[in-house]
Amino acid sequence: MEYELILRIFVAALLGGLIGLEREYRSKEAGFRTHFLVAMGSALFMVVSAYGFSDSMNNELQRWDVSRVASQVVSGIGFIGAGTIIFRKTENMVSGLTTAAGVWVVAAIGLACGGGMYKVAVASTLLVLVGLEAFNYFLHKFDKHKKAY
């Protein structure tokens with residue numbers, strides 16, 4: 001059982017790290033270490049929530065809801081993400097939204113791994129990477145057309 005739980009945390013860290021590598025490559029605010037830690041921490045919170053109190057959960061007088069910790073991870077990550085969003089009044093632009101969303105989705109991927117939902121976590125990671133790269137590709141295509149005129 002312990003090896004399965006370690007695998008969940010390891011896979012979460014790996015998937016979060018993959019997204020972090022892409023962000024690091026693009027020189028964004030939150031890179032490999034941030035995404036790695038958020039995914040791993042989320043998975044660990046989920047594992048501890050679901051299995052850490054199993055000795056005391058067999059009490060019929062008390063009810064336990066393991067999903068409560070997962071919902072608190074979502075709230076906590078919102079505060080971290082909010083710290084990455086900056087409004088630049090002189091340029092009238094907002095930056096850091098993709099970084100905040102990336103940290104948020106990496107936390108969800110970590111929770112999925114912590115819950116043993118590997119296929120969903122891997123599929124989500126692939127979608128995030130495709131979405132980030134596809135957007136970057138099309139942005140460059142449009143910029144080339146803009147400069148031609």
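Values below: all heavy atoms of this structure, side chains included; hydrogens, waters and symmetry mates excluded.
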Subject >> Donor-acceptor pair between Glu29 and Thr99 side chains, under 3.5 angstrom >> reply: yes
Subject >> Spacing of NE2 belonging to His35 relative to CG belonging to Leu21, to within rounding of 0.5 Å >> reply: 10.5 Å
Original post:
Do Tyr118 and Leu14 belong together in a cluster built from hydrophobic side chains that touch within less than 4.5 Å?
Top reply: no
**OP:** Check the pair Leu5, Arg8 against side chain to side chain contact (heavy atoms under 4.5 Å, CB included), reporting the backbone distance first and the verdict last.
**Re:** CA-CA 5 Å; Leu5 300 179; Arg8 291 177 184 196; 4.2 Å; yes
**OP:** Might you confirm whether atom CZ of Phe87 has over 12 heavy atoms from other residues, nucleotides or ligands at distances under 6.0 Å?
**Re:** yes
**OP:** Can you see which heavy atom on Gly16 is nearest to which on Val106, and at what distance?
**Re:** CA-CG1, 4.1 Å
Original post:
If you group Ile, Leu, Val, Met, Phe, Trp and Tyr by side-chain heavy-atom gaps below 4.5 Å, do Val122 and Phe36 land in one group?
Top reply: no
**OP:** Check whether Leu44 and Leu7 end up in the same hydrophobic cluster, where Ile, Leu, Val, Met, Phe, Trp and Tyr are linked by side-chain heavy atoms less than 4.5 Å apart.
**Re:** no
Original post:
With hydrophobic residues grouped by side-chain heavy-atom distances under 4.5 Å, do Val103 and Leu18 end up in a single group?
Top reply: yes
Original post:
side chain to side chain contact (heavy atoms under 4.5 Å, CB included) between Val105 and Leu127: does it pass, once the steps are laid out?
Top reply: CA-CA 11 Å; Val105 77; Leu127 281 170; over 6 Å; no
Subject >> Atom of Gly96, atom of Ile85 and distance for their closest heavy-atom approach >> reply: O-CG1, 3.9 Å
Subject >> Distance (rounded to the nearest 0.5 Å) between Ile86 CD1 and Met93 CE >> reply: 10.0 Å
Original post:
Minimum heavy-atom separation for Ser42 to Leu111, with atom names?
Top reply: O-CD2, 3.5 Å
**OP:** Quick one: closest heavy-atom pair of Met46 and Ala70, and the distance?
**Re:** CE-CB, 4.1 Å
Original post:
Could you walk me through whether Glu4 and Tyr51 pass the side chain to side chain contact (heavy atoms under 4.5 Å, CB included) check?
Top reply: CA-CA 12 Å; Glu4 167 65 23; Tyr51 302 102; over 6 Å; no
**OP:** State the CD1-CD distance between Ile19 and Glu22, to the nearest 0.5 angstrom.
**Re:** 9.0 Å
**OP:** Could you tell me which non-hydrogen atom of Leu15 sits nearest to which non-hydrogen atom of Thr125, and how far apart they are?
**Re:** CB-OG1, 3.5 Å
Original post:
Taking the side chain as C-beta and beyond, is there a heavy-atom pair between Thr98 and Arg23 under 4.5 Å?
Top reply: yes
Original post:
Closest approach of Ala39 and Ala12, non-hydrogen atoms and distance?
Top reply: CB-O, 3.2 Å
Original post:
More than 12 heavy atoms of other residues, nucleotides or ligands under 6.0 Å from CZ of Arg33: is that the case?
Top reply: no
Original post:
Hey, any chance Val11 and Val128 share a hydrophobic cluster, counting ILVMFWY side chains that come within less than 4.5 Å of each other, even indirectly?
Top reply: yes
Original post:
When you measure from the side chain of Ser49 to the backbone N and O of Phe45, does any donor-acceptor pair fall under 3.5 Å?
Top reply: no
Original post:
Distance from Ser75 atom OG to Ile80 atom CD1, nearest 0.5 Å?
Top reply: 11.5 Å
**OP:** Report yes if the side chains of Trp104 and Val74 come closer than 4.5 Å at any heavy-atom pair, otherwise no.
**Re:** yes
